[in-house]
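We number each residue from 1, following the sequence as shown.
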Amino acid sequence: MTDTALKGGSQQPVEPAALEDVPGWFWDHDRHSFDWFLGRQEKKGVTGDLLEMGAYLGRSAIVIGEHLQPGETFTVCDLFDSDAPDNENSEEMAVSYRKTLTRSAFESNYLSFHDELPEIIQAPTSVLAGGRIPAGAFRFIHIDASHLYEHVVGDLQVARIALQPKGVVVLDDYRSQHTPGVAAATWEAVFNHGLKPILLTECKFYGTWGDPEPFQRELLDRVDLAAGCHLSAETLNGQQLLRMTGDSEGIRPFRPSRHQKRLASAAATRSAEEGRQAIGIAQDEVALDLAARRARAAEARRPANVAKRAARDLLPPVVTSAIRRARRG
């Protein structure tokens, strides 16, 4: 997965008009799934804190923050532009996003859609272990930090303790070719540590240490599910899991940022100015062409040139040719 906004060197934060303007890898089916799980919890009266381990530049955090309820806390833990805790993690960051990931860019993007920042822990996700965050306090946890097996195992252990029974944990890149460590840690948790799959999308694994059946029943009944989300059910080691495929039909776009109207107005002004400049250039070209044609017409009307044309038109061709040869010498 790539994003053209991520290519190149270090960049200054750019004000996003829409969520899609925030660089990152967070596609429509997962945005819709985040809204579905978080919204379902809210409708069922489930409360609890929210946690994201690994945020990059904020695209998924912005969506999670939309569901923050009064009395809840949203915590984001990411290294951002800090040094990685080990060489292997540092090499991973250098390959993927070291030149583009900064805390200031994340904060700028997030505040384009929300009035207040989440609680930010700028550190490796390993600092969340050992009681840094309260046990059983979270209803939704998104894990998208290091892809190294040992780190993902640690993140899952933190999530298992922090998540409440009706909570949902989401793992990114559980099946990508370049992230075998995530796949190994995810399925190890399923087969050995009680994690129960709810839903698989192309990029993310949705699971719980509680009961997945109520979630799956409402998904299969298509409660609040977009038309383009197609579901299929499978059984894995005696557990049902759902797979989501399809297109974006019926998935509503995320609300625009606070900058959208101003940026749209500025774009319209630029477009109008560019149009005026184009008209001015065209008018100048027409004027130059007209002046050139007038100059040629005036030159053609000079008596000497008129006489030359008359001689050329009236004298026999043999005589005209002889005159031209004589002039050439």
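Taking the side chain to side chain donor-acceptor pair (under 3.5 Å) definition, one finds that Thr186 meets it with nothing, sequence neighbours left out. Lys261 meets the salt bridge (Lys or Arg N to Asp or Glu O under 4.0 Å) test with no other residue; sequence neighbours excluded. In this structure Ser33 satisfies the side chain to side chain donor-acceptor pair (under 3.5 Å) test with no other residue, sequence neighbours excluded. Looking at residues two or more places apart in sequence or on another chain, you find a salt bridge (Lys or Arg N to Asp or Glu O under 4.0 Å) between Asp224 and Lys43. Applying the ring-ring contact (aromatic ring centres under 6.0 Å, His included) rule to Phe138 yields no partners; only residues at least two apart in sequence or on another chain are considered. Looking at residues two or more places apart in sequence or on another chain, you find a salt bridge (Lys or Arg N to Asp or Glu O under 4.0 Å) between Arg255 and Glu66. Partners of Phe205 by ring-ring contact (aromatic ring centres under 6.0 Å, His included), not counting sequence neighbours, listed by chain and number: Trp187. For the ring-ring contact (aromatic ring centres under 6.0 Å, His included) test, residues two or more places apart in sequence or in another chain that qualify with His142 are Phe34. Under the salt bridge (Lys or Arg N to Asp or Glu O under 4.0 Å) criterion, Arg160 pairs with no residue at all, not counting sequence neighbours.
Residues Leu38 and Val169 do not share a hydrophobic cluster, defined by chaining ILVMFWY side chains whose heavy atoms lie under 4.5 Å apart. Placement of Leu199 and Val46 in two distinct hydrophobic clusters is found when ILVMFWY residues are connected by side-chain heavy-atom separations under 4.5 Å, directly or transitively.
Remark: Leu79 CG to Gln122 CD distance equals 8.0 Å, nearest 0.5 Å. Summarising the geometry, atom CD1 belonging to Ile141 is positioned 10.0 Å from atom CG belonging to Leu171; distances are rounded to the nearest 0.5 Å. In this structure, the separation between CZ on Arg59 and CG on Asp144 is 12.0 Å, given to the nearest 0.5 Å. One finds the CG atom of Leu101 at 6.5 Å from the CG atom of Asp81 (value rounded to the nearest 0.5 Å). Rounding to the nearest 0.5 angstrom, the gap separating the CG atom in Leu219 from the CD1 atom in Ile198 is 8.0 Å. Phe215 CZ to Leu242 CG: the interatomic distance, rounded to the nearest 0.5 Å, is 12.0 Å.
Looking at Trp209, its side chain does come within 3.5 Å of a backbone N or O of His193 through a donor-acceptor pair. No side-chain donor-acceptor contact under 3.5 Å links His29 to the backbone of Thr201. With hydrogens and angles ignored, the 3.5 Å screen pairs a side-chain donor or acceptor of Gln164 with a backbone N or O of Thr47. Side chain of Thr102 to main chain of Ala105: a donor-acceptor pair is present (N/O by atom type, distance under 3.5 Å, no hydrogens or angles). Looking only at distances, a side-chain donor or acceptor of Arg175 sits under 3.5 Å from a matching main-chain atom of Glu202. At least one donor-acceptor pair under 3.5 Å links the side chain of Asp21 to the backbone N or O of Ala18. Put simply, the side chain of Asp221 never gets that close to the backbone of Val223: no donor and acceptor are under 3.5 Å apart. For the pair Gln216 (side chain) and Gln240 (backbone), a donor-acceptor distance under 3.5 Å is present.
Within the structure, salt bridge (Lys or Arg N to Asp or Glu O under 4.0 Å) contacts touching residues 120-140 (residues at least two apart or in different chains) are Glu42-Arg139, Glu72-Arg139.
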Can you give me every donor-acceptor pair (side chain of residues 112-120, partner residue at least two apart or in another chain, under 3.5 Å) with its distance?
from: Ser112; atom 1: OG; to: Ser108; atom 2: O; distance (Å): 2.8
from: Ser112; atom 1: OG; to: His259; atom 2: NE2; distance (Å): 3.0
from: His114; atom 1: NE2; to: Ile62; atom 2: O; distance (Å): 2.8
from: Asp115; atom 1: OD1; to: Arg258; atom 2: NH2; distance (Å): 3.1

* To do: Could you check Leu225 against His32 for side chain to side chain contact (heavy atoms under 4.5 Å, CB included), going step by step and ending with a plain yes or no?
  => CA-CA 8 Å; Leu225 199 63; His32 181 52; 3.8 Å; yes

* Please report the C-alpha distance between Leu51 and Asp49 in whole Å, then the side-chain angles of each, then the deciding distance to 0.1 Å, and finally whether the side chain to side chain contact (heavy atoms under 4.5 Å, CB included) criterion is met. => CA-CA 7 Å; Leu51 172 63; Asp49 294 334; over 6 Å; no

* To do: Could you check Ile64 against Val76 for side chain to side chain contact (heavy atoms under 4.5 Å, CB included), going step by step and ending with a plain yes or no?
  => CA-CA 10 Å; Ile64 296 172; Val76 170; over 6 Å; no

* **Criterion side chain to side chain contact (heavy atoms under 4.5 Å, CB included) on Glu234 and Leu200, from CA distance to verdict** => CA-CA 11 Å; Glu234 297 195 17; Leu200 306 179; over 6 Å; no

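In the hydrophobic clustering, Val153 connects to Tyr149, either directly or through intervening members, whenever side-chain heavy atoms lie under 4.5 Å apart.
In plain terms, the two heavy atoms of Gly167 and Gln41 that are nearest each other are CA-NE2, 4.0 Å. Taking each heavy atom of Pro197 and Gln239 in turn, the nearest pair found is CD-OE1, 3.2 Å. Counting all heavy atoms, side chain and backbone alike, Pro124 lies closest to Cys77 at O-SG, 3.9 Å. Taking all atoms of both residues into account, the shortest heavy-atom contact from Val152 to Ala185 is CG1-CB, 3.6 Å. Considering every non-hydrogen atom in both Ala162 and Ile133, the closest pair reads CB-CD1, 3.8 Å. Closest approach of Val22 to Leu57, counting heavy atoms only: CG1-O, 3.5 Å.
Counting only heavy atoms from C-beta outward, the side chains of Asp172 and Phe26 never approach each other to under 4.5 Å. Using a 4.5 Å heavy-atom cutoff, the side chains of Val190 and Asn237 are not in contact. Side-chain contact between His151 and Thr125: absent, with no pair of heavy atoms (C-beta onward) separated by less than 4.5 Å. Looking at Ser176 and Val182, their side chains never come closer than 4.5 Å, going by heavy atoms from C-beta outward. For the pair Cys203/Trp25, no side-chain contact is recorded, criterion being any heavy-atom separation below 4.5 Å from C-beta on.
Side-chain contact check for Thr179 and Asp173: no donor-acceptor pair (N or O, by modelled atom type) lies under 3.5 Å. Side chain to side chain, His67 and Asp35 meet the donor-acceptor criterion of an N or O pair below 3.5 Å.
Within 6.0 Å of atom CZ in Arg222, more than 12 heavy atoms from other residues, nucleotides or ligands are found, so the atom counts as buried in its surroundings. Remark: Lys166 NZ is loosely packed, at most 12 non-hydrogen atoms of other residues, nucleotides or ligands lying under 6.0 Å away.
Aromatic pair Phe37/Tyr206: ring centres closer than 6.0 Å.
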